[in-house]
Amino acid sequence: QGQLVESGGGSEQTGGSLRLSCAASGYNGRPSCMGWFRQVPGKEREGVAAIDVAGNVTYYASSVKDRFTISQLNGKNTVYLQMNSLKPEDTANYYCAAALNPLWHCGTWSSRGYVEWGQGTQVTVSS
């Protein structure tokens, strides 16, 4: 039984930085994509960043591009989300997710592809 374990998050002021980590374990082989999504109560979950594990290609939502960076620790099934220049609108519960289908396009933010999910970690940015 695979699982995704997130760490990091917390509270920060506008303009600050935070880093999230996600470790995948127990999967038969490595995930094809790992990504970060976020959700605010009452709103739909949105994709934030994703990485093609084999090709190291990254994808970003327009709202975070040039501020957030997703990276991976090769061979460790661990991804990071470095969040810089934080804004109050970045406040959300952030979820790590993994796609296992090697044919899935990592930049497609859909639960049809991202089938494994972490428990979520809260990020709060104050003005």
Side-chain angles (χ1 to χ4, degrees):
Q1 183 75 17
Q3 64 174 350
L4 301 175
V5 179
E6 300 130 332
S7 60
S11 298
E12 185 56 80
Q13 293 186 331
T14 297
S17 299
L18 288 170
R19 189 175 86 154
L20 307 181
S21 301
C22 174
S25 62
Y27 293 100
N28 184 20
R30 65 183 178 183
S32 56
C33 312
M34 292 187 71
W36 291 95
F37 291 70
R38 65 187 182 187
Q39 188 169 25
V40 176
K43 294 189 176 181
E44 289 190 1
R45 185 171 55 198
E46 64 170 338
V48 174
I51 187 165
D52 180 309
V53 174
N56 208 37
V57 178
T58 57
Y59 303 87
Y60 296 96
S62 57
S63 57
V64 305
K65 192 172 176 60
D66 298 327
R67 297 189 299 120
F68 290 11
T69 302
I70 188 170
S71 60
Q72 62 178 331
L73 184 59
N74 288 336
K76 298 295 185 181
N77 282 352
T78 299
V79 294
Y80 304 99
L81 184 67
Q82 178 66 41
M83 305 183 291
N84 298 330
S85 301
L86 284 164
K87 304 176 181 181
E89 51 263 44
D90 294 320
T91 296
N93 205 6
Y94 283 70
Y95 296 89
C96 177
L100 307 180
N101 184 344
L103 299 179
W104 187 259
H105 183 270
C106 301
T108 300
W109 317 107
S110 170
S111 57
R112 289 185 294 115
Y114 287 92
V115 294
E116 297 289 323
W117 294 86
Q119 293 297 309
T121 184
Q122 178 68 31
V123 171
T124 302
V125 183
S126 58
S127 57

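A donor-acceptor pair under 3.5 Å is formed between the side chain of Thr91 and the backbone N or O of Val125.
Between Leu4 and Cys22, the closest heavy-atom pair is CB-SG, 4.0 Å. Among all heavy-atom pairs drawn from Asp52 and Gln72, the shortest one is O-NE2, 4.0 Å. Considering all non-hydrogen atoms of both residues, Ile51 and Asn56 come closest at CD1-OD1, 3.2 Å. Closest non-hydrogen pair, Tyr94 versus Trp36, comes out as CB-CE3, 4.4 Å. For Val40 against Ala92, the heavy-atom pair with the smallest separation is CG2-CB, 3.8 Å. When all heavy atoms are compared, the tightest approach of Ser32 to Cys106 is O-SG, 3.9 Å.
Rounded to the nearest 0.5 Å, atoms CD (Glu12) and CE (Met83) are 9.5 Å apart. The CE atom of Met34 sits 7.0 Å away from the OG1 atom of Thr78 when rounded to the nearest 0.5 Å. Summarising the geometry, atom OG1 belonging to Thr14 is positioned 8.0 Å from atom CD belonging to Glu89; distances are rounded to the nearest 0.5 Å. Rounding to the nearest 0.5 Å gives a distance of 8.0 Å between OG of Ser7 and CZ of Arg19. For the atom pair Thr58 OG1 and Phe68 CZ, the distance stands at 14.0 Å (nearest 0.5 Å). Here the straight-line distance linking atom CZ of Arg67 with atom OG of Ser17 works out to 10.5 Å at 0.5 Å rounding.
Partner of Val64 under the side-chain contact (heavy atoms from CB on, under 4.5 Å) criterion, out of Leu86, Val48, Thr69: Val48 alone.
Trp109 and Val57 fall within a single hydrophobic cluster, where Ile, Leu, Val, Met, Phe, Trp and Tyr are joined by side-chain heavy atoms under 4.5 Å apart, directly or via other members. Grouping the Ile, Leu, Val, Met, Phe, Trp and Tyr side chains by contacts below 4.5 angstrom, directly or via other members, places Leu18 apart from Tyr95.
Looking only at side-chain heavy atoms (C-beta outward), Asp66 and Tyr60 stay at 4.5 Å or farther from each other. Counting only heavy atoms from C-beta outward, the side chains of Asn77 and Pro31 approach each other to under 4.5 Å. Between Leu20 and Glu6, the closest side-chain pair of non-hydrogen atoms is not below 4.5 Å. Using a 4.5 Å heavy-atom cutoff, the side chains of Glu46 and Arg38 are in contact. Two residues are said to be in side-chain contact when any heavy atoms from C-beta on lie closer than 4.5 Å; Arg112 and Trp104 meet this criterion.
Below 30°, between 30° and 60°, or above 60°: for Phe37 and Tyr114 the angle between ring planes is above 60°, a perpendicular geometry.
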**OP:** Determine, step by step, whether Cys96 and Trp117 satisfy the side-chain contact (heavy atoms from CB on, under 4.5 Å) criterion, reporting the C-alpha distance in whole Å, the side-chain angles of both residues, the deciding distance to 0.1 Å, and the verdict.
**Re:** CA-CA 6 Å; Cys96 177; Trp117 294 86; over 6 Å; no

